[in-house]
**Student:** 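One structure coming up, written as structure tokens, with questions to follow.
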Amino acid sequence: MKKGLTAFLIGLFAIFPFTVFLSSKASAGPMVMRVGETHAQDYPTTKGLYEFARLVKERSNGRIVIEIYHSKQLGEERAVIEQVQLGAVEMTRVSVSAASAYVRDLDALQLPYLYRNSDHMWKVLNGPIGAEILKKLEASNFIGTGWFEAGSRNFYTKRQVKTVSDLKGMKIRVQQAPLMVGMIEALGAVAAPLPFGEVYSALKTGVIDGAENNWPSYLSTSHYEVAKYFIVDEHTRVPEITLGSKKVFDKLSKEDRALIIKAHQDAVPYQIKLWNDFEKVAEKAVREKGSVITEVSPAEKKKFMDAMKPLYDKQPAEILAVAKKIREVK
Ligand code: GTR
């Protein structure tokens, strides 16, 4: 018995340094930050995140590892945003629309027919207006690490829409965001705010008559199979945003925080290039697959713009003041 105890103690002392070594190694391992992403692995935005992750790993000499959970592995956008806000998930890449349900200041960046084009939007995002809005996210426990390109959004429907008045009474899926619901209502249509992953079956079963998105998403989700009429009305340009959890970021050193934000910024030109290329590929693909594309004349586009006036009229003065500043950016 005594012999047994001695052997046990010797054994314990023998493995003690080893266990200490192992546990100290484990705590010195890389810091892993998970990013939730709704799109598939080969979507341009997801590829932008991989580039961001590559830069973070390289610049931190492997101390910080960004892991991308694409294809909704962590859940639908709204659910993951909540997890990030609580600090249970470190980061997520979402549409500004999805995040606007939590931070209404973001509405100023997604108003219909706000930007002249993508260059105008990027001047705004990269300038003081973008910086100020990123700062405002902190009050809601988010750290905005940066933006990505998502082109402009268009309606697609089960029966053809040629004019703005054709949309009247149609049930259209929008992102789960008050501004987007208001946009549909301004058009005299019925808004169906649904998670992204539910849109295909809602279109297929006829629960909704249509939805709206950019060319890449229209293709990647196969929505073109169940809503073949696409109208190029370009009603809104909604940037993507990557959100970090303030609870998590507050534990990082100032340098690491800056490293992450800079890496995201440096991944942007790559993501924009992929986006622009894929937008063309997606448009060509859906045309070949039989989608009927309706172009909008300048006169009809003006009618779409005019229809949005009641939505603008409902916006709080702060949002309208930012929108005014955005329009003034040359
Ligand atoms: C896409 C966007 C997604 C998601 C989706 C939607 O364009 O990249 O993040 O927000 O739209 O309509 O839900």
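Atoms within each ligand, like the ligands themselves, are counted from 1 in listed order.
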**Student:** Any side-chain donor-acceptor pair under 3.5 Å between Y69 and E67?
**Tutor:** yes
**Student:** State, without any angle test, whether S95 and Q175 hold a side-chain donor-acceptor pair at a distance under 3.5 Å.
**Tutor:** yes
**Student:** Could you walk me through whether F155 and H235 pass the ring-ring contact (aromatic ring centres under 6.0 Å, His included) check?
**Tutor:** CA-CA 8 Å; F155 289 106; H235 53 267; 4.1 Å; yes
**Student:** In terms of atom number and element, which parts of ligand 1 are under 4.0 angstrom from non-hydrogen atoms of N213?
**Tutor:** 1 (C), 5 (C), 6 (C), 7 (O), 11 (O), 12 (O)
**Student:** Should the proximity of S217 to ligand 1, defined as any heavy atom under 4.0 Å, be assigned to the side chain, the backbone, both, or neither?
**Tutor:** side chain
**Student:** Just which atoms of ligand 1 are under 4.0 Å from any heavy atom in T38?
**Tutor:** 3 (C), 9 (O)
**Student:** Looking at residues at least two apart in the chain, or sitting in another chain, which of them share a ring pair (Phe, Tyr, Trp, His ring centres under 6.0 Å) with H264?
**Tutor:** F52, F148
**Student:** Between the side chains of Y50 and Q41, is a donor N or O closer than 3.5 angstrom to an acceptor N or O?
**Tutor:** yes
**Student:** Compute whether any side-chain donor of one residue and acceptor of the other, for Y43 and E37, lie under 3.5 angstrom apart.
**Tutor:** no
**Student:** Side chain, backbone, both or neither: which applies to V199 and ligand 1 if a contact is any heavy-atom pair less than 4.0 Å apart?
**Tutor:** neither
**Student:** Does ligand 1 have an atom under 4.0 Å from some heavy atom of R173?
**Tutor:** yes
**Student:** If every non-hydrogen atom of Y156 is compared with every non-hydrogen atom of A227, which pair is closest and at what distance?
**Tutor:** CD1-CB, 3.8 Å
**Student:** Nearest protein heavy-atom contact for atom 3 (C) of ligand 1: which residue, which atom, what distance?
**Tutor:** E77 OE2, 3.2 Å
**Student:** Closer than 4.0 Å to some heavy atom of F196 - which atoms of ligand 1 meet that?
**Tutor:** 5 (C), 6 (C), 12 (O), 13 (O)
**Student:** Would you mind listing which atoms of ligand 1 come within a distance below 4.0 Å of any non-hydrogen atom of E240?
**Tutor:** 2 (C), 8 (O), 9 (O)
**Student:** Among all protein heavy atoms, pick the one closest to atom 2 (C) of ligand 1 and tell me residue, atom and distance.
**Tutor:** H39 NE2, 3.5 Å
